[in-house]
Amino acid sequence: MRELVADLVRDALADAVRAGDVALAEVPEPRIERPRDPAHGDWATNIALASAKSAGMNPRQLADLLAARVADHPDVAAVEVAGPGFINLRLSASALQRVLTEVRAAGGTFGSLDIGAGERVQVEFVSANPVGPMHVGHGRWAALGDSMARILSHAGYSVQREFYINDQGVQMDVFAKSVAARYLELAGVEGVEFPEEGYRGAYIIEIAREILADEGDGWASAEPAEREHHFKEKAYAQVLEHLKNVLSGMGVEFDVWFSERTLHASGPDGGATPIERAFERLEDAGHLYEHEGALWFRSTTFGDDKDRVLRKADGSYTYFAADIAYHADKYDRGFDRVIDIWGADHHGYVKRMEAAVAALGHEGKITLVIGQLVNLFRGGEVVRMSKRTGEMVTFEDLLDEVGADAARYFFLRRSTDQPLDFDIALAKEQSSENPVYYVQYAHARICAILRKAAGADTADTDVDIAATARDLVRTEAPLYLLDSDPELTLMRKLAEWPEVVEISARQLAPHKLTRYAEDLAQTFHQFYTQCRVVDPDAPDLTAARLYAVDATRIALATVLGLIGVSAPERM
RNA sequence: GCCCUCGUAGCUCAGUGGAUAGAGCGUCUGCCUCCGGAGCAGGAAGUCACAGGUUCGAAUCCUGUCGAGGGCACCA
């Protein structure tokens, strides 16, 4: 739609130049915007304001001239010049009606774009340590990352979802020691000392109990190191499986689960590890130096506050070293762009990561999205959590309580850089206060109309909606009958969808989808109260309105699909 | 102390340098003989934290002040 209007305006200006009405060396690219106030029309352009100076004309005069040239186009219902020289355009009913045909032809691909042009993008998100359950913040990042991936795919990018598993390092050792201590307790060993910094959550005891049940108490008399090594692998596998299940239960599937361990391991040829190879690359480019026995990366070259250690004086690598090797690997795998979603507690890490990516020769090819944290409420009361005792509401608890649809919807409703207050009671409420039901209800209502039109009971559970729509909605429906305000408003709203996809893809802003979903649902509800769809006395109008209603159904389902929320046929 | 993010209606928040700053909730007033009332219509509600600056034009960009949250390891 925007392109159509842009062409119109561009042509008008070019024609005016050719006709000698306007003296302009070159025709600037017009900016086409949606006026904030719908009373100003469907589209507005400031082109007259932008080019008046170089044309040596008064902006209003130029605007009048251009307005006269677009007024006759069949897609334009009205054009007016306003304020200092804005040109406001209103689309004709026939132009809007065409949108319905486009929606029905596109189906689930409605609003898909090619702005990505097949560019390869990787979205890495969640990446929770495999040492325990996910917290609700992970849930938010899961919803964000998955929805971003869906949006980017819809916008024409080639997207891969990845989970980075921190399965090497201190926290894994602590984890293993914690499980071992619980195991010994359960096995009846006296005087077991629980590690100072150990994980105290009840799930550790559960894991220990399962090992005891599976393998007996023989490990109690084993060498501690051997025992811990065995428990680490056993418990790690269990937790990882659990993470996959929870995420999968929310509809989030990763293409790649990337193990940190592979970065520390030699290749099959026994050569350098990925970390060592990354060091070599940085070394060759002159970004490394030794100081006080440690190996440093001169990240200040790329705007970091201070240089960073990669290999400690004791010879071990920092977490950052592995992360550099990891990102080098991402680009080696051919991604044009890498998006990492991190929690707000990692934002101090952003500059050094950007510096590292730049030092590897991929400057600007990483986008670090910082997801703000989630505060849990229940009916307005803060839900307290204690890290010390390990007592917390996990992401899994939340999913069990409010369901995947409500959880995903609420997680996406706020912009990413805004801390989120999540009220469990509200998310569970099935009322008008709850936006996810408002949107889903619009979809269910449409399905009821289709069932009604097919002569079935409106709540009949056996009706196949897609098949019904296919049989019922005539492709040659007289859409020209759709010219009342509620109908035009509905079509206008549908026409906005491709722009919403574009903006949310460019800004990595899934929250714009929830907003649009609510707008579209509202517009539909307004249409519904004012326009009777199924009317045996008016078969042509019924056919046209069924067409519009079905297009709305398709659009709603598409939007909800990118959000990752189901589009129920009845509720 | 330094760095990052944020400050918009009673509450929770949208807002792409553009026109009279919007939505949901809450509040007040109405609407079911009729396709699903989990709905619709209408009203009240604002010093866009504050002060400068850039611009034809600033909630939006820049600087400073105040306030809130987060981060500042040879931890991960």
Side-chain angles (χ1 to χ4, degrees), chain A residues 31 33-37 39-40 44 46 49 52-53 59 82-86 88 129 131 166 168-172 174 197 260 291-296 304-306 308-323 343-351 370 372-373 375 377 380 413-421 423 426 429-442 444-453 458-459 486 499 503 506-507 509 511-512 514-515 518-519 521-522 524-535 542 545-546 549 570-571:
Chain A
R31 280 198 46 189
E33 293 174 331
R34 289 208 175 258
R36 211 150 35 186
D37 185 347
H40 291 132
N46 66 346
L49 289 162
K53 200 174 277 180
F86 291 106
N88 295 334
N129 290 339
V131 296
N166 298 129
Q168 169 124 6
V170 180
Q171 88 282 358
M172 286 297 285
V174 172
E197 297 298 319
E260 180 185 349
H291 177 65
E292 292 181 353
L295 182 66
W296 294 71
D304 196 6
D305 303 327
K306 51 194 279 194
R308 307 291 173 176
V309 171
L310 300 185
R311 190 179 59 224
K312 303 178 223 171
D314 68 6
S316 64
Y317 299 125
T318 60
Y319 177 84
F320 184 44
D323 231 359
D345 52 342
H346 279 64
H347 88 248
Y349 201 75
V350 169
K351 274 188 188 170
I370 298 303
Q372 292 293 323
L373 304 171
N375 304 307
F377 291 80
R413 214 163 164 249
R414 296 283 173 256
S415 69
T416 312
D417 52 14
Q418 197 73 241
L420 177 71
D421 289 341
D423 195 313
L426 177 59
E429 193 160 339
Q430 306 198 359
S431 78
S432 60
E433 286 181 49
N434 193 339
V436 62
Y437 286 102
Y438 181 82
V439 176
Q440 290 182 318
Y441 179 63
R445 203 176 212 186
I446 289 172
C447 294
I449 295 171
L450 291 172
R451 286 190 288 267
K452 169 86 177 178
T458 52
E499 298 154 46
I503 291 174
R506 289 198 194 286
Q507 301 182 3
H511 76 275
K512 292 183 188 285
T514 62
R515 202 165 187 83
E518 287 163 49
D519 275 358
Q522 181 179 45
F524 172 74
H525 287 310
Q526 288 164 347
F527 159 84
Y528 173 87
T529 41
Q530 292 174 78
C531 301
R532 168 116 201 146
V533 177
V534 181
D535 182 355
T542 297
R545 285 181 171 167
L546 277 175
V549 160
R570 61 191 65 77
M571 297 168 70

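In what follows, chains carry the letters A, B, and so on, assigned in the order in which the sequence lines appear, proteins first and then strands, with residues in each chain numbered from 1. Only a predicted model underlies this, so the values are computations on that prediction, with no experimental measurement involved. Computation of the quantities below employed the complete heavy-atom set of this structure, encompassing side-chain atoms and omitting hydrogens, waters and symmetry-equivalent molecules.
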(request) Select base, sugar-phosphate, or nothing to describe what Ser316(A) touches, counting heavy atoms under 4.0 Å on all strands. (result) nothing

(message) Whether Lys512(A) and Glu499(A) form a salt bridge (side-chain N of Lys/Arg under 4.0 Å from carboxylate O of Asp/Glu) is what I want to check.
(response) no

(request) Look at the side-chain N and O atoms of Tyr437(A) and state whether any lies under 4.0 Å from the OP1 or OP2 oxygen of rG37(B). (result) no

(request) Determine: side-chain N/O of Ser415(A) to OP1/OP2 of rA14(B), distance under 4.0 Å, yes or no. (result) yes

(request) Kindly say whether, by distance alone, the side chain of Asp323(A) makes a donor-acceptor pair under 3.5 Å with the base of rA76(B)? (result) no

(request) Please determine if Arg445(A) forms a cation-pi arrangement with Tyr528(A), meaning its NZ or CZ atom is less than 6.0 Å from the six-membered ring centre and no more than 45° off the ring axis. (result) yes

(message) Does Arg570(A) reach a base, just sugar-phosphate, or nothing at all? Heavy atoms under 4.0 Å.
(response) base

(message) According to side chain to side chain contact (heavy atoms under 4.5 Å, CB included), who are the partners of Asp417(A), at least two apart in sequence or on a separate chain?
(response) Ser415(A)

(request) May I ask you to verify if any side-chain N or O of Gln522(A) is less than 4.0 angstrom from the OP1 or OP2 atom of rG39(B)? (result) no

(request) Run the salt-bridge test on Asp519(A) and Arg515(A) with the 4.0 Å N-O cut-off and return the result as yes or no. (result) no

(message) Does rC13(B) have OP1 or OP2 under 4.0 Å away from a side-chain N or O of Lys512(A)?
(response) no

(message) Any side-chain N or O of His511(A) below 4.0 angstrom from OP1/OP2 of rG15(B)?
(response) yes

(request) Map every base of RNA chain B to its dot-bracket character, where paired means a Watson-Crick or G-U wobble contact with both distances under 3.5 Å and | marks a partner outside the strand. (result) (((((((..((((....[...)))).(((((.......))))).....(((((..]....))))))))))))....

(request) May I ask you to say what Ala44(A) touches in the nucleic acid, namely base, sugar-phosphate or nothing, with a heavy-atom cut-off under 4.0 Å? (result) base

(request) Determine, for nucleotides 67-73 of chain B in 5'-to-3' order, which nucleotides have protein heavy atoms under 4.0 Å from the base (write B), from only the sugar-phosphate (write S), or from neither (write -). (result) ---BS-S

